[in-house]
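Lettering follows sequence order; numbering is per chain, from 1.
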There are 2 protein chains.
Amino acid sequence: MLNTYSTEDKVLLAVDCIIFGFDKEELKILLIKRDFEPEKGKWSLMGGFLKQNENLDQAADRILSTLTGINNVYMEQLHSYSKVDRDPAERTISVAYYALINIEDHNAELIEKYSAKWFSIKKAPDLIFDHNIMVKHAISRLRYKTSKEPLGFELLPPKFTMRQLQKLYEAILNQKLDKRNFINKINSLDILIKLDEKDMNSSRKGSFLYMFDEEKYKRKKAEGFSFKV
Amino acid sequence: MLNTYSTEDKVLLAVDCIIFGFDKEELKILLIKRDFEPEKGKWSLMGGFLKQNENLDQAADRILSTLTGINNVYMEQLHSYSKVDRDPAERTISVAYYALINIEDHNAELIEKYSAKWFSIKKAPDLIFDHNIMVKHAISRLRYKTSKEPLGFELLPPKFTMRQLQKLYEAILNQKLDKRNFINKINSLDILIKLDEKDMNSSRKGSFLYMFDEEKYKRKKAEGFSFKV
DNA sequence: CCAAAAGTGTTATAAGTACACCCATGC
DNA sequence: GCATGGGTGTACTTATAACACTTTTGG
């Protein structure tokens with residue numbers, strides 16, 4: 001291999017993951033209690049270092065999978081954080097990723113192994129380094145993205161009720177939405193499949209379950225349709 | 001300094017800049033002809049490596065300034081690119097930034113020194129590595145950002161005509177806009193100062209010059225106003 | 001006097017917002 | 001039979017989109 005850049009400084013490149021989940025009422029993030037220095041014992045995002053033979057997306061997948069046992073989830077690069085002394089141990093640049101997972105899918109043993117815990121985004125503890133700002137940015141990006149692309153479904157089980165979907169959007173946007181307007185809007189998008197099945201847990205009457213019709217969405221998108229909530 | 005992460009791989013971190021300008025008709029980017037290997041003689045974004053004592057924003061400023069002689073311009077981090085073999089010389093992760101400059105401000109000597117040239121985004125040459133995709137992403141981000149924040153003015157001289165502003169937005173959005181609707185919309189935002197002065201270059205009648213009223217915009221923004229084109 | 005760009009309002013359509021009652025069921 | 005959450009439609013307001021003629025002035 002050529003080595004044209006040999007006089008340049010090298011740095012450690014970390015990847016930190018903001019892992020979002022939704023538990024029927026609140027938007028949550030999965031945090032770990034650090035069991036290593038620096039800042040041992042404090043709450044932190046799950047992270048790791050980029051290896052020579054992988055790209056950032058792969059590193060993010062690996063790190064997410066290490067903590068949750070889940071693969072193939074929606075992940076997106078957020079931003080790179082590079083303040084010179086952001087990590088007191090050593091110069092480290094961190095690339096933040098956020099992931100959307102169905103909270104039911106996580107692996108309880110792994111969560112325990114890493115002393116991880118789900119926190120409501122409204123009641124999350126103070127985090128190490130610049131992780132607080134990463135979370136803030138991630139929420140802001142999540143708001144933008146879920147209003148322009150059908151990503152909210154990533155946070156729900158495959159079958160969900162209209163009310164669950166509404167509550168999800170309310171949690172993401174941090175505001176109440178009008179029930180009728182919300183349903184009208186979602187229905188007008190015409191990308192859900194209404195099942196015959198009802199969810200009987202939430203009320204006596206029961207409420208119909210829906211599924212996201214990904215194929216239909218893709219077809220419509222190819223024809224110029226754009227999702228908008 | 002502690003050295004907790006000593007077994008981890010380190011990498012070279014490059015910063016590449018997509019430098020946008022506007023020349024009254026077209027949206028342009030400033031490219032350099034590489035005078036070093038690999039890919040010597042090919043067109044490329046201006047780039048450099050992150051140094052130990054600076055953060056990414058500072059590195060981007062430094063790199064922009066090296067080529068244009070300009071400081072204090074609007075710059076924003078775009079994305080990090082990390083394909084393992086993206087640079088054949090050595091494993092390098094690149095963080096792309098885009099900058100908006102008033103094309104009149106650039107330093108001609110520096111441009112010459114780096115064999116740099118302004119290219120219309122529609123007629124830009126093929127670039128090295130993954131720089132083509134970086135430019136594509138930057139244009140897409142620019143579209144989004146300039147429609148939500150008053151950043152277009154960064155690409156214009158301090159005094160500009162309505163028609164110039166419209167042509168700028170047409171170039172960014174890559175579509176014709178209706179003259180009356182555009183002016184009505186801009187005026188309804190109420191963030192421009194109409195000068196008594198006219199620009200007599202573009203027509204016999206001459207057209208009024210405007211300036212962006214940044215203070216007014218800030219005040220309105222603080223009161224909940226949001227820019228939208 | 002005419003060519004060339006500047007400037008100016010109204011109407012129609014679409015999107016968004018506000019809002020209240022009946023339904024089905026388990027207890 | 002009643003408490004609980006599910007489900008449904010219309011009127012109003014706001015935003016967006018379409019569209020054509022008059023003005024100014026240097027040559």
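The interatomic distance linking A:Gln175 (CD) with C:dT17 (C1') rounds to 12 Å, in whole Å. Rounding to whole angstrom units, NZ of residue A:Lys176 and P of C:dC19 are separated by 16 Å. As rounded to whole Å, 16 Å separates atom P of C:dT25 from atom CG of A:Asn201.
The ring of A:Tyr144 has its center closer than 6.0 angstrom to the ring center of B:Tyr144.
Of the residues in residues 203-210 of chain B, those with a non-hydrogen atom less than 4.0 angstrom from any atom of DNA chain D are B:Arg204, B:Lys205.
Using a 4.5 Å heavy-atom cutoff, the side chains of B:Ile139 and B:Tyr98 are not in contact. When side chains are defined from C-beta on, A:Leu209 does not count as touching A:Met211, because their heavy atoms never get closer than 4.5 Å. A:Ile111 places a side-chain heavy atom less than 4.5 Å from the side chain of A:Leu30.
Using a 30° and 60° split on the angle between ring planes, A:Trp43 and A:Phe119 fall in the perpendicular class, above 60°.
Extent of DNA chain D lying under 4.0 Å from chain B heavy atoms, first and last nucleotide in 5' to 3' order, is D:dT16 to D:dG26.
Checked by atom type, the side-chain pair A:Asp61/A:Asn71 shows no donor-acceptor distance below 3.5 Å.
For B:Lys122, the side chain to side chain donor-acceptor pair (under 3.5 Å) test picks out B:Asn174, with sequence neighbours left out. Under the side chain to side chain donor-acceptor pair (under 3.5 Å) criterion, B:Asn55 pairs with no residue at all, not counting sequence neighbours. Partners of B:Lys216 by side chain to side chain donor-acceptor pair (under 3.5 Å), not counting sequence neighbours, listed by chain and number: B:Asp190.
Sequence order on DNA chain D of the closest nucleotides to B:Met200 and A:Lys194 puts A:Lys194 first from the 5' end.
Remark: the backbone N or O of A:Arg143 is paired with a side-chain donor or acceptor of A:Ser147 at under 3.5 angstrom.
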For nucleotides 9-16 of chain C, give me every protein contact, N/O to N/O, under 3.5 Å, one pair per line with atom names.
unit_1: C:dG9; atom_1: N7; unit_2: B:Asn184; atom_2: ND2; d: 3.3

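The phosphate of C:dA5 (OP1 or OP2) has no side-chain N or O of B:Arg163 nearer than 4.0 angstrom.
The side-chain tip of A:Lys198 points at the ring of A:Phe208 from less than 6.0 angstrom away and within 45° of straight on.
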